[in-house]
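Please read these numbers as outputs of a predicted model, since none were measured by experiment. Just the heavy atoms: all of them, side chains too, but no hydrogens, waters or symmetry mates, feed the values below.
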Amino acid sequence: MAYEADDILEALDEQQREAALSLHGPTVILAGAGTGKTRTITHRIAYGILRGDYTEQKVMALTYTNKAAGELRGRLRHLGVQSVGAKTFHAAALAQVEYFWREFFGIEAPRVLESKARAIGAAAESLKIRLDPNTIRDLAAEIEWRKYTMLSLEDYLDRITERPAISGLAPIRNYEIQEAYEQAKIKAKQVDWEDVLLLCTGMLKAEPRALSHVHQQYRFFTVDEYQDISALQQELLDTWLGDRSDICVVGDPNQTIYSFTGASASFLENFGSRYPDATTINLTQNYRSTPEIIALANRVRGNQILEPLQAVRQSGVVPELRGFETKDEECAWVTERISIALRDGVKASQIAVLYRINSQSEFLENALSSAGIEYQVRGGQRYFNRPEIMSAVRLVRAEAASPKQRDMYEGVTAIARSLGWQSIAPEVTGSELEIWEALNSFVQIAEEMPAGSNMQHFANELEERTRSQHEPTKESITLSTIHAAKGLEHRVVFIVGANEGYIPISYAKSDSQIAEEQRLFYVALTRAKDSLNITWHRSDSSDSRLRSPSRFIALAQPAL
């Protein structure tokens with residue numbers, strides 16, 4: 001269908017239409033959960049192009065995951081817009097680094113590390129320190145925080161005692177490992193993903209010709225999930241913008257849950273101070289959830305900058321809040337309710353069980369397995385750690401580096417077939433079926449790639465999916481931490497283990513930390529479309545401590 005500019009506006013509600021009409025100058029869209037923010041920004045971009053205000057090639061739409069960027073590209077293509085640069089910050093920065101590095105230095109840009117965890121482990125071993133996987137993960141997160149907040153190693157050392165302790169590591173050992181990690185990268189001519197942002201920013205500031213090129217290439221910027229931007233990403237965005245102000249940002253301060261990675265909602269909240277002439281639009285009409293779920297979420301929301309959500313859907317079932325004596329009883333009840341939902345025709349992929357930390361999934365996994373209910377753990381990197389998928393990724397990288405490349409889809413299916421895949425599901429069970437399903441999902445990722453993609457594009461997609469833990473979905477119950485569930489929605493949602501010590505987490509002590517835990521609970525609530533169930537327990541079988549329900553339960557309950 002060929003769209004006209006007026007067709008774009010007719011598809012929007014009044015608030016969304018106001019955002020689409022704000023085409024020039026700084027615009028901030030405060031978009032509550034389920035209010036159609038992606039629809040709004042894609043229609044706004046399409047409207048600006050169809051009306052002639054924008055040129056496709058001069059628009060850059062930025063987000064934080066390849067999945068979100070792919071969704072932006074797909075929706076824009078559906079609206080007849082083909083050439084908008086919808087990318088993650090990292091992908092946009094890497095493309096510029098690789099292009100200008102050859103242009104100005106005559107050599108290839110440094111390679112991006114395949115595994116930060118492996119590099120950290122090697123750096124520690126060079127210092128005769130052995131780290132367990134959890135400590136390596138915590139160190140990787142600390143390195144990311146340091147770089148996203150733009151601290152040099154020397155500045156970080158001055159503040160290291162203020163940072164949360166990394167289990168089993170004295171602060172000086174933490175610093176020494178980070179120093180060894182950085183030195184090893186330099187020696188190997190490698191960078192990590194945070195370095196890509198730093199390199200791009202520094203290169204553009206140091207090379208006026210490169211900066212001029214970028215300023216000519218991109219004029220109109222849109223930033224999704226702006227509440228999650230870090231100081232480093234903001235610095236790069238400011239560099240891309242220069243002295244221009246055609247920028248639209250969209251975000252929800254009530255969904256700021258990544259401050260531990262260096263993200264800061266202050267950039268969203270202070271947007272009007274930076275741009276006094278900014279247009280501010282509130283999106284408050286929620287199309288996702290029933291009025292009963294929205295009423296509960298509004299009671300829990302903490303940030304008052306954004307107006308309360310307004311439910312659009314018809315009335316549904318009242319959310320259930322239920323406590324249990326033991327964790328076993330809690331998991332048994334959740335499993336029984338899931339079984340009932342499945343019998344009632346709800347697809348397994350539309351049911352999610354959310355919890356605060358990964359270790360809470362063990363009891364649930366056991367209960368679901370005993371009931372014969374298939375599940376997948378989101379965010380655990382299980383998919384990309386499967387041997388057959390690791391082999392497939394290596395073969396894709398090898399083909400991407402070859403001067404003679406096959407058609408992408410042909411190449412991917414050939415690789416999958418070499419590892420045992422066939423186009424029709426085999427009549428097998430157990431591990432053989434799991435291998436086929438994993439390889440079939442691998443082929444489906446290729447099918448979702450934009451038209452014209454080659455093997456290098458596919459290799460980049462796999463790298464981004466591995467880095468962001470964006471695993472393929474399958475027809476099974478989703479088990480997920482609340483952090484990993486952000487941006488998703490399910491018909492039926494269970495929030496389990498809603499106890500003090502879990503939500504808020506035990507180490508959240510300050511007012512700002514408790515406020516972030518409250519926002520995290522709000523994010524969990526607003527994943528639910530039709531049915532919301534919140535459970536907690538008084539005791540774990542693993543210890544004798546008595547637990548109390550989360551303090552946020554009292555907020556969730558209606559006033560008497």
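For S339 (side chain) and T335 (main-chain N/O), a donor-acceptor pair under 3.5 Å exists by modelled atom type. Listed for the E448 side chain is no donor-acceptor partner under 3.5 Å among the backbone atoms of I445. Listed for the H490 side chain is a donor-acceptor partner under 3.5 Å among the backbone atoms of S349. In this structure, K509 contributes its side chain and S506 its backbone to a donor-acceptor pair below 3.5 Å. Looking only at distances, a side-chain donor or acceptor of E330 sits under 3.5 Å from a matching main-chain atom of G497. Remark: the backbone N or O of T290 is not paired with any side-chain donor or acceptor of D530 at under 3.5 angstrom. Panel note: side chain D192, backbone E194; a donor-acceptor pair is recorded below 3.5 Å. Not a single donor-acceptor pair under 3.5 Å links the side chain of E388 to the backbone N or O of A438. Judged by distance alone, with hydrogens and angles left aside, the side-chain atoms of R299 form a donor-acceptor pair with the main-chain N or O of A556 at under 3.5 Å. Judged by distance alone, the side chain of T326 and the main-chain N or O of S539 form no donor-acceptor pair under 3.5 Å.
By the 6.0 Å contact criterion, CG on D511 is open, its count of non-hydrogen atoms from other residues, nucleotides or ligands being 12 or less. Applying the 6.0 Å contact sphere to CD of E14 captures no more than 12 heavy atoms from other residues, nucleotides or ligands. Heavy-atom neighbours of Q314 CD from other residues, nucleotides or ligands within 6.0 Å: at or below the threshold of 12. The 12-atom threshold is not exceeded at CZ of R538, counting heavy atoms of other residues, nucleotides or ligands nearer than 6.0 Å.
L268 is listed as a side-chain neighbour of Y226, based on a closest heavy-atom distance under 4.5 Å. L532 is not listed as a side-chain neighbour of R527, based on a closest heavy-atom distance of 4.5 Å or more. Side-chain contact between P504 and Q513 is absent, with no heavy atoms from C-beta onward closer than 4.5 Å. Annotation: side chain of I136 is not in contact with side chain of N134 (no heavy-atom distance under 4.5 Å). T38 has its side chain within reach of R75: a pair of non-hydrogen atoms, C-beta onward, lies under 4.5 Å apart. Between L354 and F494 the shortest side-chain heavy-atom distance does not fall below 4.5 Å.
For the 3.5 Å distance criterion, the side chains of T35 and Q285 fail to qualify, holding no donor opposite an acceptor. Using a 3.5 Å distance cut-off with no hydrogens or angles, the side chains of S315 and E292 do pair a donor with an acceptor. Residues Q234 and Y148 bring no donor and acceptor atom of their side chains to less than 3.5 Å of each other. Judged purely by distance below 3.5 Å, without hydrogens or angles, the side chains of Y375 and E365 pair a donor atom with an acceptor atom. Side-chain polar atoms of T135 and D132 form a donor-acceptor pair below 3.5 angstrom. A donor-acceptor contact under 3.5 angstrom links the side chains of S510 and S512, judged on distance only.
Taking the six-membered ring for Trp, F260 and H483 have ring centres closer than 6.0 Å. In this structure, F458 has its ring center under 6.0 Å from that of F442. A ring-centre distance under 6.0 Å is found for Y275 and F271. When ring centroids are compared, F89 and Y64 come within the 6.0 Å threshold.
Considering every non-hydrogen atom in both A20 and L9, the closest pair reads CB-CD2, 3.9 Å.
In this structure, CD1 on I338 lies 7.5 Å from CG on L364, to the nearest 0.5 angstrom. With values rounded to the nearest 0.5 angstrom, I8 atom CD1 is found 11.5 Å from I45 atom CD1. The OG atom of S230 sits 10.5 Å away from the CD atom of E144 when rounded to the nearest 0.5 Å. Annotation: the span from I293 atom CD1 to N298 atom CG amounts to 12.0 Å, rounded to 0.5 Å. For the atom pair CD (E517) and CZ (R551), the distance works out to 9.0 Å, reported to the nearest 0.5 Å. Here the CD1 atom belonging to I357 is positioned 5.5 Å from the OH atom belonging to Y502, to the nearest 0.5 angstrom.
Each salt bridge (Lys or Arg N to Asp or Glu O under 4.0 Å) pair with one or both residues in residues 477-489, not counting sequence neighbours, appears once here: E225-K486, D228-K486, R288-E489, E489-K529.
A salt bridge does not link K37 with D252: none of the charged nitrogens is closer than 4.0 Å to a carboxylate oxygen. The pair R337-E320 meets the salt-bridge criterion, with a side-chain N (NZ, NE, NH1 or NH2) lying under 4.0 Å from an Asp/Glu carboxylate O. The existence of a salt bridge linking E516 and R519 is confirmed by a sub-4.0 Å separation between a basic side-chain nitrogen and an acidic carboxylate oxygen. Salt bridge status for E142 with R146: absent, with no side-chain N to carboxylate O gap under 4.0 Å.
By the side chain to side chain contact (heavy atoms under 4.5 Å, CB included) test, A11 pairs with R39, H43, sequence neighbours left out. Taking N440 as the reference, W421, W436, Q444 meet the side chain to side chain contact (heavy atoms under 4.5 Å, CB included) condition, with sequence neighbours excluded.
When the options I482, I495, L479 are evaluated for a side-chain contact (heavy atoms from CB on, under 4.5 Å) with Y355, the one that passes is L479.
W536 does not carry R322 over the face of its six-membered ring by the limits of under 6.0 Å from the centre and within 45° of the normal.
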(message) Could you go through V523 and L525, starting from their C-alpha distance and side-chain angles, then the distance that decides it, and tell me whether this counts as side chain to side chain contact (heavy atoms under 4.5 Å, CB included)?
(response) CA-CA 6 Å; V523 166; L525 301 175; over 6 Å; no
(message) Could you walk me through whether L232 and T149 satisfy the side chain to side chain contact (heavy atoms under 4.5 Å, CB included) test, starting with their C-alpha distance in whole Å, then the side-chain angles of each, then the deciding distance to 0.1 Å, before giving a yes or no?
(response) CA-CA 6 Å; L232 173 55; T149 51; over 6 Å; no
(request) Go through the steps for V223 and V250 under the test side chain to side chain contact (heavy atoms under 4.5 Å, CB included), then give the verdict. (result) CA-CA 6 Å; V223 185; V250 57; over 6 Å; no
